[in-house]
Structures are given as structure tokens and as C-alpha cells.
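Letters A, B, ... are given to chains in the order of the sequence lines, protein chains preceding strands, and every chain is numbered from 1.
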Amino acid sequence: MTGVGQRRAPGELESEVLAVLWAAEVPRTPSQVHEEIDGGLSYKTIHTILTRLQEKGLVRRVVHGGRSCYAAVKDSAQDAADRMRAVLESGRDRRAILQRFVSALRPADEQALRALLKEEPRE
Amino acid sequence: VRLVYGALLAGAAVAPLGRWLGARGNPKAGAWILAILCGVVAVASLWGFLLLGGSLMEDIVGADYAKRLEPVSDAEGLLGGGLLVLAAARLALAYRVRLRLRRALAGVVTDSPETLVLVAAPEAYAFAVPGHVEHILVSEGMLRVLSGRQRRVLFAHERAHLRFAHHRFRLVAQVAEAINPLLLRTESAMVFLCERWADEQAAAEVGDRRLAASSLSAAALAPAGGPSGASAFHEHEVIRRVRALLRPRARLGRAAAVLAALLAVTMLADDFDATLDLLAFLKAFLFA
């Protein structure tokens with residue numbers, strides 16, 4: 001059921017590019033980032049976004065394996081992780097209000113979910 | 001005054017109706033219908049409690065005027081008053097919890113100028129944080145279990161929560177549930193509708209329902225942070241969301257809207273009759 005996607009909302013592309021660098025174990029070249037982002041975008045667009053993220057101090061340029069790459073700057077994110085852990089482990093009531101993308105599965109649900117995905121033919 | 005009970009009891013039909021709407025193809029319409037019903041039930045219930053509790057006035061002002069009213073026993077009056085106090089207490093508690101969470105989250109996002117706040121945590125989680133400045137909070141663990149295309153679904157989903165102010169829908173359901181105890185699990189029905197709404201929006205933005213389903217599944221199969229809120233009695237909501245994306249069902253028919261409108265009118269009419277009684281009583285009392 002693959003159709004034509006809509007144009008990305010402003011700021012969305014920046015989020016996606018930043019996310020690629022965060023998820024990567026090692027720094028990535030602009031063309032690697034370009035590959036991982038869903039199609040329809042020019043290499044130049046990705047490059048522009050990387051430069052913008054660098055100006056904001058969210059990524060930095062590094063040389064990795066002899067190539068010019070970008071890496072995510074995670075300095076302030078460690079504090080945020082500790083504070084978020086405190087929120088998640090706090091009272092049940094507070095946790096209940098948070099709207100998660102998805103909540104954790106029980107083992108039986110896991111099997112049901114895998115089965116559901118398997119029986120659905122890929123298009 | 002007995003008709004007041006109609007409004008209270010009709011509330012019991014709201015949550016199942018919400019769940020039924022959630023399984024249909026148009027969660028946006030479902031969320032709106034449920035929100036309007038919640039608003040009507042909340043107002044009608046509150047007014048009903050007031051009418052019942054207020055009937056205790058009869059004892060204070062004397063029986064002469066009270067004869068014009070439908071009879072209400074003292075027990076019913078006390079019940080109405082008690083429910084009113086209970087509603088106030090539940091609302092106050094919900095408000096306090098909300099305030100504490102808001103403060104805690106403000107400490108995490110710390111006025112970040114960026115909408116996206118990434119958190120260096122191995123657990124997989126993602127939240128939309130509404131407020132004066134809106135944020136989307138995503139953990140490193142969540143980014144790692146998703147592919148580049150799946151991440152686009154995640155961002156679109158969280159952005160939909162903010163764009164359509166889903167926290168307000170949830171608030172309406174929460175307040176209604178606090179006021180009328182028979183609206184049990186209405187808030188969770190509303191949460192489910194909003195999740196489905198955001199799923200549909202994300203699927204439309206990426207133009208691929210299967211990709212949206214795979215993104216949900218990958219996130220659900222990753223270890224999440226904090227204890228899980230999964231209920232042992234119901235099929236997990238993620239499975240229902242994935243199924244809805246893979247096998248879209250018929251869109252919401254006109255029948256559902258008519259049903260909801262009938263329910264709302266019934267509740268209002270019940271209270272309206274009781275209100276006329278009260279007005280007649282007050283008139284007799286004031287102009288005697």
C-alpha cells in the first residue's frame with residue numbers, strides 16, 4: 001500500500017537528519033545520511049541541513065576513516081536522561097498521564113504481534 | 001427528578017461507544033464524538049448532582065413549596081451531595097498529578113528552543129510534551145530500534161499529537177470520568193482514539209500504511225523504560241493499532257453520529273425536565 005507521501009513539515013527534516021546521527025554507532029558522511037533518509041531529497045538539501053545543525057551546535061564535523069563526517073553532540077542529553085528516568089520511575093499516576101508512542105508488550109502479545117506482521121504479505 | 005438518573009446512567013454507554021469508534025476507520029471523528037459526549041455527560045451529571053443535593057433544601061425551607069416538586073428522598077439527596085463532593089475531590093487529585101508531571105517534564109526539556117529533545121537513554125521511549133513551547137521527547141534507544149524511514153513515522157505521529165492538541169481531548173475525558181464514576185475507562189478509550197488518529201496522520205504523511213505499522217511494531221518490541229502499564233486482561237493496544245493500519249475497516253457511518261446525538265439529547269432532556277421542576281419550585285418559593 002505504498003503511496004505518495006506528503007511533503008515534510010518544517011523542521012521535520014532536521015529532526016530526521018539529527019536522528020540518523022544519534023542512532024549511528026560511528027560518525028556518518030553526508031552521503032550516508034542521505035541514503036538513510038527516505039527518498040525524494042537531494043544530496044544538497046541534506047548538506048544544507050547538516051550545516052544548519054552544526055551552526056546550532058547539535059552536530060560536529062569530525063574526520064573518521066579519513067573521510068569528513070558528522071557526529072551528534074550528546075553533551076546535555078545525559079542530564080536529560082537522568083531527569084527523565086526519575087520521571088518514568090516516579091509515581092504510577094504521573095506515569096499514567098504520559099502519552100507514549102507505544103507501551104511495552106507482554107511475551108504473549110509479542111508473539112501475536114509477530115504473527116500479525118508475518119501473515120500480512122509485503123506489497 | 002428521577003430522570004436525572006438517566007443522565008448519570010447514560011454515561012455508562014459512553015466508554016464502550018468510544019472503544020467501538022476506535023476500531024473504525026476514522027479515529028478523528030471518533031475522538032470528536034467522544035469528546036462532545038464527555039462534555040455533555042460531565043455537565044449533565046454535575047447538574048444532576050446539584051439538583052439531587054439541592055433537594056435537601058426542602059427540609060430547610062419547609063414542605064409547602066416542596067410539594068410542587070417530584071419527591072426525592074433524603075437518601076437520594078445525600079447521595080447527590082456525596083457524589084458532588086467526590087467529584088470535586090477526584091478533580092483536585094487529577095489536577096495535582098497533572099501539575100507535578102508538568103513540572104517534572106519542564107525539568108527535562110529545560111526551555112530547549114528545538115522542538116525535538118533527544119535523550120541519551122538506552123531505553124526506548126518517545127513522548128509529545130504539550131505546553132507553551134511544544135516538545136517531542138525521544139530517547140536514543142528508540143532511535144536505534146527504528147530505521148530512517150520508520151523514524152519519520154515516529155516524528156509524524158508525535159507531531160500529530162501536538163498539532164491536533166490531543167492532550168485537550170484527553171483532559172475532557174479525564175474531567176468527565178472524574179465527575180461521573182460510571183464513565184469508567186473513558187479516558188483510556190480517548191487515549192486509544194488519539195493514538196489511532198496520530199497513526200493515521202503519520203501513515204498519510206509517509207504515504208505507506210505498512211511502514212507505519214512496522215514502525216509501531218519495532219518500537220513495541222524494544223525494551224521500554226520504566227515499568228509497563230500493560231493490562232493483563234485486554235489485548236494490547238499496539239496490536240489493535242497495528243491491525244487497524246494493516247487492514248483498514250469501513251469508515252465510520254452516519255449511524256454512529258446519529259447514535260451519539262441521540263444519546264446526548266436524551267441526557268440533556270432528562271436534566272431539562274428536572275431543571276423545569278427546580279425552576280417551578282424556586283418560583284413558588286420566591287413569589288409565594
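If you measure heavy-atom distances from Arg151(B) to chain A, the contacts under 4.5 Å come from the side chain alone. Of the two parts of Leu154(B), the backbone and the side chain both hold a non-hydrogen atom closer than 4.5 Å to a non-hydrogen atom of chain A. For Ser215(B), the parts sitting under 4.5 Å from any heavy atom of chain A are the backbone and the side chain alike. Neither the backbone nor the side chain of Thr115(B) has a heavy atom closer than 4.5 Å to any heavy atom of chain A. Heavy atoms closer than 4.5 Å to chain A are found in both the backbone and the side chain of Leu216(B).
In summary, the side chains of Glu205(B) and Gln201(B) do present a donor paired with an acceptor at a separation below 3.5 Å, with no hydrogens or angles considered. Between the side chains of His166(B) and Glu195(B), not a single donor N or O lies within less than 3.5 Å of an accepting N or O. For Thr45(A) and Ser42(A), the side-chain atoms include at least one donor-acceptor pair closer than 3.5 Å.
Ion pairing of Glu36(A) with Arg149(B) is absent here, as no side-chain N (NZ or NE/NH1/NH2) approaches a carboxylate O to less than 4.0 Å.
The residue among Val129(B), Val138(B), Leu118(B) with the most heavy atom pairs within less than 4.5 Å of chain A is Leu118(B).
A cation-pi contact, defined as under 6.0 Å to the ring centre and within 45° of the axis, is absent between Arg60(A) and Tyr70(A).
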